[in-house]
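Some notes on the structure that comes next.
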Amino acid sequence: MIQIKKKAICILILSACIAAGNKAFAQKQDINQKVEALLAKMTLEEKIGQLNQYNGDWEATGPVTKDVGNKLDEIKQGRVGAVLNIMGTEHCRTFQDAAMKSRLKIPLLFGQDVIHGYRITFPIPLAEASSWDMGAIEKAERIAGTEASASGINWTFAPMVDIARDPRWGRVMEGAGEDPYLGSLIAAARVKGFQGKGLGSTDAVMATAKHFAAYGAAIGGRDYNSVDMSPRTLWEVYLPPFKAALDAGVGTFMNSFNDLNGIPATGNSYLQRDILKGKWGFKGFVVSDWGSIGEMINHGYAKDNYEAAEEALKAGSDMDMESRSYINNLAKLVADKKISVNLIDDAVRRILKKKFELGLFDDPYRFINPEREKTSLNRPEYVDAARDMARKSIVLLKNENNLLPLSKNLKTIALIGPLAKAEKELKGFWSLDIDKNEEIISLMDGMQSHAGQTKLLYSQGCGITDTSRKGFDDAIAAAKKADVVIMAMGEAPDMTGEAKSKSNIHLPGVQEELIKEIKATGKPVIVLLMAGRPMIFNWTADNVPAILYTWWLGSQGGNAMADVLYGDYNPSGKLPITFPRSEGQIPIYYNHYNTGRPAQNDTDLFYKSAYIDLPNSPRYAFGYGLSYTNFEYKNIELSKSTPSMKDNDILSVSLMVQNTGKYAGEEVVQLYLRDMVSQPVRPVKELKDFKKILLQPGETRRITFNIRKDELSFYNDKLERIVQPGTFQIMIGSASSDIRLQKSFELTN
Ligand code: BGC
């Protein structure tokens, strides 16, 4: 009886799935037909108009093209398909009204860099990546998407999924760090968060995977610089997060400013046509980066905008952001028979399709509802989520003698440093000033609401970039009066972000001098470091007993820091990027090859493969981060020691993790693999899986990882994905530098 019931349920579920599948198919067909019908009515000029995107009148995020006509008039003439930097329903309405006056009334897309929150500022993406918590990251983007879509925005230029191995690069703050596996999971989580139930729901914004591709590998970490990269590195390290975004359903891709091996990404057919639209079958559209079509002239790749437009369209760039190369040249290129109308049609189709999917043809004003805007922004539950995300983003780097968490019984705490009272700074780069009255919780505010009877003293000590020690005496005096000193140090928020690369990434100014002076008072010192990149702070790392890396945590930053300092939240963040000891070590990343003479800490000059003035190891490794409790790893077991390579074969690895300390806490249990002998060679370690678990004091949990064939595969020098038999090492640990359990297995044919 039970069997029959089960069968009936299965049939019902199956029929429902088929019905849902049929509906989706029918909807797709329907949209395709509508696109074709509309396309058939469009003049060449109107088609070209759809490929043109203008900056609006909010702050420009790139060099604005001069001597242009009236934008609203151009929209009315059907010469614009999308605008960016227009915010708020009222504003969007003005522009959409203009589009509704055009002959075919094709609605505009409203694009915006919604990078880490819209009205409520969440932590910067690199900080969020430190949470290794996909649910929390997806939720953060869901909130950003809900707020933005209630303000008229229907398209975000996020997530940035560029892998970055160079902390000098200013845009490292905008991504998920150095690892392709972690980066891919985060890319997918962000896309899902922005797009919610899918394009078509009124609270979804269309996401953009950017910058395609390899932008994060700019030589020397200098923004916009050239990229010179082997095809294997491209495929193994830089492309996976883009593929993950695509698989998660991302609507659009943005190309990038850099050239890749001599060909600007914007004019790169291999990237956009062969890989993205060919091999990967991407059906959405590609928008250029700001002005990047015209910039091919500076690259020396095109003679003028006419040639640049030809190269870009042929290479698969569908929409021109702000360079006006398309609007000014495509018609002539068609007349001159340099470009076929079919190529233009393909780009227009892709854009129209997204507009249909977003529901803009059903109602061009569906995201423009002032009533909804009033009630959807800044909701208390969003504030709570921002605080939670911020706590999860903090990384505990050091905690000697359990100096943290703070006791609630302290008489006096001194808060010292240029960022102790910082407010706006906590928002970091790429935050939007939607509401000038956004409540921002500084560290001081957060401490005040937690401190109870404890007296809080304050002294700035110095400014971020100060070279003067003028404020030191005051800070030392405050420290002397306190039981504990908390120092809030770091960079300025605009020291990371676009065009914000730095050659010197040490803690700026005299800040480390101030830390030395305060430490010399003999008081217990806790240093909080705020920045959008890994900084270098060797003296502090060696001498200060407790250090928290807080990045830029967004508007709830102060509450989150106080939650962690007082132990209301036990820190669980893990670094998504390696911290160097010196700029001279850059690029430095955990998943490197072994070399023929690997560093072995020996004194033999010829077997070190290291610097003579520095160890090879980083200051803090990828995956590193402490907790107020301790975790013990034990009892590793494999389901088999000689698995075969049959497609569906799974190798299970299990282990026990115990919380041996006195606080409940979360641990990110990380699984790395190494293919011991292979051709070509493989990295010394590659993250393949992890689990973030919460354990109560004393609690033990068995954790199981399933390794599949795909996780053992890699690209050979012909760019074929292969698996080679042989020995593999499984390494499980709390950081890439802290492997606790190991086991090897032999993969057979
Ligand atoms: C950035 C993009 C951004 C665009 C629009 C460019 O300068 O590289 O990431 O989406 O501006 O603001």
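Ligands are counted one by one from 1 in listed order, and the atoms in each one are counted from 1 as well.
- S555 and T121 form no side-chain donor-acceptor contact under 3.5 Å, judged by distance and modelled atom types alone.
- Within the structure, ligand 1 lacks M160 among the residues with a heavy atom less than 4.0 angstrom away.
- Taking any N or O of E174, backbone or side chain, none lies under 3.5 Å from an N or O belonging to ligand 1.
- The distance from ligand 1 to the heavy atoms of F157 drops below 4.0 Å at these ligand atoms: 10 (O).
- Not a single N or O atom of Y215, backbone or side chain, sits closer than 3.5 Å to an N or O atom of ligand 1.
- Residue contacts with ligand 1, taken as heavy atom pairs separated by less than 4.0 Å, involve H211 solely via side-chain atoms from C-beta onward.
- In R171, the part holding a heavy atom less than 4.0 Å from any atom of ligand 1 is the side chain.
- At a 3.5 angstrom cut-off on N or O pairs, N85 does not count as close to ligand 1.
- For ligand 1, the polar-atom distance check against D113 finds a nitrogen or oxygen pair separated by under 3.5 Å.
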Test side-chain contact (heavy atoms from CB on, under 4.5 Å) applied to W551 and R533, step by step: CA-CA 7 Å; W551 312 102; R533 64 155 59 80; 5.8 Å; no

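- By the criterion of a heavy-atom distance under 4.0 Å, the side chain of L84, and not its backbone, is placed next to ligand 1.
- Of the charged side-chain nitrogens involved, at least one lies within less than 4.0 Å of a carboxylate oxygen, so that D433 and K424 count as a salt-bridged pair.
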